[in-house]
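Let me begin by presenting the structure, written as structure tokens, before commenting on it.
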Amino acid sequence: MSSGSAALENKAQQDEFNPFLSMARGFDTAADYLGLDEGLREVLRTPDRELKVALPVHMDDKSIKVFTGYRVQHNYLRGPCKGGIRFAPEVNLDEVRALSAWMTWKCSVVNIPFGGAKGGVICDPRAMSKGELEQLTRRYTAAIMDILGPDRDVPAPDMNTGEQTMAWIMDTYSMHVRRTTTSVVTGKPLSIGGSRGRREATGRGVMISANEALKIVGGRPEDTRVVVQGSGNVGGVAALLMHREGYKIVSLSDMYGSIHNADGLDVPAVMAYLEENGRLSGYPEAEALENSEQLELDCDLIVPAATENQITSANVDRIKARVVVEGANGPTTAIASEALVDRGVMVVPDILANAGGVTVSYFEWVQDRMGYFWTEEIVNSRLEQIMVESFKEVADTARKYKVSMRTGAYILAIDRVATVLRMRGLFA
Ligand code: NAD
């Protein structure tokens, strides 16, 4: 192969593996179907606001280190912005910008009254003490304070941030505004305004999406063999709930390897083993597999719930499932997704399938503002109502335009935001 064609192939692969290019492609395809004019597209593509902040922190060794943080608000036409904050060495403005747009479309698909945002701080949290992380979080909150607030922008956890980070943000914000304001962030501990059912919400939304998919492709949970990639907050919870619903979970994985039992795994026992041993490998009632083999197993439904770019042009021809429910963000590349749909596989796209988390974040915000907290049954039944309704709307849109569920989801989401833009008009 000449160096020119090798470079082209390399570029094609980089493009295939860039989830944000995939999203941009999804946006453009949907905008074409909607016949959006160039001006509207430009408004919807451009982030409303981008903030970059310098964050000086006293480190434990008495040195001062200056970190860089970002908050990007992509679009606030439909309500306050909503989106996670990640702490990671590879955070950069382009990524935060793209993730903020993703949140606009996700909130719109499930029709909750939020726009999209995302935040990030460039740091290596594993190399920092708890005290350093607390200072960094508080300084970041103070630095972006002017654009935060229950009616402006409501962050949530993302990579390497969690309940504790949200508690520090809530406290810092509250100290500045001189009153306890729990509704400024979601994903908080239950004791300070968190919602029941939040931890399981994304996995529960995945299970509800699988149930709805079966209603279209046919089949009962008891006859459906499921492969779940990832055993964390999304995959582990989805596997447990789907097992309880009657699905036969034949394989689970974590970053170290996969386990497989064609007769179905005893998922509660597997999760207890994982809790005790820190990894799945060695679980006695199953055979061990390489992670690269897992998605190609004989099965009916795959839940990729680990990370992006797992079903790609390299393995798509060997995928045997007839349904893919995307628990992770961007687990199927655009090329692979199109190949699956061409073969008649139903792909339930991430912006619908994993929107259960942001939906219960919305419930948390509502409960905080009311100061009245719901039972877990109420949270779960309202989540189910929204997921079922959204699934139906996406499926109907896909049918109407004769497109995939992914394009249908983008059409629905973009149309909702564009409709608000037309109604509100341009402020001048
Ligand atoms: P997590 O860290 O709790 O779990 C990730 C799991 O994936 C772990 O079991 C890990 O060992 C495993 N894993 C990592 N790389 C793997 C690989 N190559 N093969 C197999 N397993 C691998 O994370 P999470 O919260 O479950 O999030 C998973 C995905 O879902 C991410 O893409 C995240 O952005 C997305 N997501 C999460 C939420 C949420 O509420 N947690 C909401 C929406 C989307």
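Keep in mind that this is a model prediction, so the values were computed, not measured. Ligands are counted one by one from 1 in listed order, and the atoms in each one are counted from 1 as well. In this chain, residues are counted from 1 in sequence order.
Residues E212 and K215 are paired through a salt bridge, judged by an N-O separation under 4.0 Å between the basic side chain and the carboxylate. With respect to R369 and D151, a salt bridge is recorded, a charged nitrogen being found less than 4.0 Å from a carboxylate O. A salt bridge does not link D350 to K106: none of the charged side-chain nitrogens sits closer than 4.0 Å to a carboxylate oxygen.
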For ligand 1, which of its N or O atoms have a protein N or O partner closer than 3.5 Å, and how long is each gap?
{"from": "ligand 1", "atom 1": "3 (O)", "to": "N233", "atom 2": "N", "distance (Å)": "3.0"}
{"from": "ligand 1", "atom 1": "9 (O)", "to": "S231", "atom 2": "N", "distance (Å)": "3.0"}
{"from": "ligand 1", "atom 1": "9 (O)", "to": "G232", "atom 2": "N", "distance (Å)": "3.4"}
{"from": "ligand 1", "atom 1": "11 (O)", "to": "M255", "atom 2": "N", "distance (Å)": "2.9"}
{"from": "ligand 1", "atom 1": "19 (N)", "to": "N291", "atom 2": "ND2", "distance (Å)": "3.3"}
{"from": "ligand 1", "atom 1": "21 (N)", "to": "D254", "atom 2": "O", "distance (Å)": "3.4"}
{"from": "ligand 1", "atom 1": "26 (O)", "to": "N233", "atom 2": "N", "distance (Å)": "3.1"}
{"from": "ligand 1", "atom 1": "26 (O)", "to": "V234", "atom 2": "N", "distance (Å)": "2.8"}
{"from": "ligand 1", "atom 1": "32 (O)", "to": "N329", "atom 2": "N", "distance (Å)": "3.3"}
{"from": "ligand 1", "atom 1": "34 (O)", "to": "N329", "atom 2": "ND2", "distance (Å)": "3.2"}
{"from": "ligand 1", "atom 1": "40 (O)", "to": "T202", "atom 2": "OG1", "distance (Å)": "2.7"}
{"from": "ligand 1", "atom 1": "41 (N)", "to": "N233", "atom 2": "OD1", "distance (Å)": "3.1"}

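Residues that satisfy the side-chain hydrogen bond (donor to acceptor under 3.5 Å, both in side chains) test with D60, not counting sequence neighbours, are S129. Among residues two or more places apart in sequence or in another chain, the side-chain hydrogen bond (donor to acceptor under 3.5 Å, both in side chains) test is passed with N315 by none. Evaluation of the ring pair (Phe, Tyr, Trp, His ring centres under 6.0 Å) rule for F363 yields W374 as partners, not counting sequence neighbours.
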